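Here's the structure, in structure tokens; my notes come after.
Since the model is a prediction, treat every value here as computed from it, not as a measurement.
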Amino acid sequence: MLEFRYDTQLLIEGQDLDEDVISEYFNENFKGDCLLAVGDDELIKIHFHTNEPWKVLEYCASLGEIHDIVVEDMDRQARGLQG
């Protein structure tokens with residue numbers, strides 16, 4: 001069993017985005033691992049493993065428009081299942 005089940009990936013498009021501020025917020029407020037927050041002040045790519053992807057989506061949506069959203073169940077993948 002994986003500690004963090006959902007691989008959560010998305011793009012945030014907005015104004016004055018700061019990958020360091022976003023990373024700090026994740027580290028202080030979400031349980032998870034494998035955080036990647038890279039980009040510039042208008043577009044940030046997020047990759048994060050968590051058990052609560054809806055919280056990640058809610059926070060990211062507060063920063064700008066979110067799109068290219070992927071939430072994959074890594075436990076299902078590990079068992080050879082699709083979806």
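- Residues in residues 50-61 take part in these side chain to side chain donor-acceptor pair (under 3.5 Å) pairs, two or more places apart or across chains: E52-K55.
- In this structure, the side chain to side chain contact (heavy atoms under 4.5 Å, CB included) partners of L17, at least two apart in sequence or on a different chain, are I12, I44, L63.
- Grouped with L11 in one hydrophobic cluster are L43, the linkage being side-chain heavy-atom contacts under 4.5 Å among Ile, Leu, Val, Met, Phe, Trp and Tyr residues.
- Closest non-hydrogen pair, F26 versus C60, comes out as CZ-SG, 4.0 Å.
- Under the side chain to side chain donor-acceptor pair (under 3.5 Å) criterion, the residue pairs touching residues 11-38 are E13-H67, D33-H49, with sequence neighbours excluded.
- Residue pairs meeting the salt bridge (charged side-chain N to carboxylate O under 4.0 Å, His left out) criterion with at least one partner in residues 59-71, sequence neighbours excluded, are absent.
- Closest approach of Y6 to P53, counting heavy atoms only: CD1-CD, 3.8 Å.
- The other members of the hydrophobic cluster of L36, by chain and number, are V38 (side-chain heavy atoms under 4.5 Å, ILVMFWY only).
- Closest approach of I46 to A37, counting heavy atoms only: CD1-CB, 3.8 Å.
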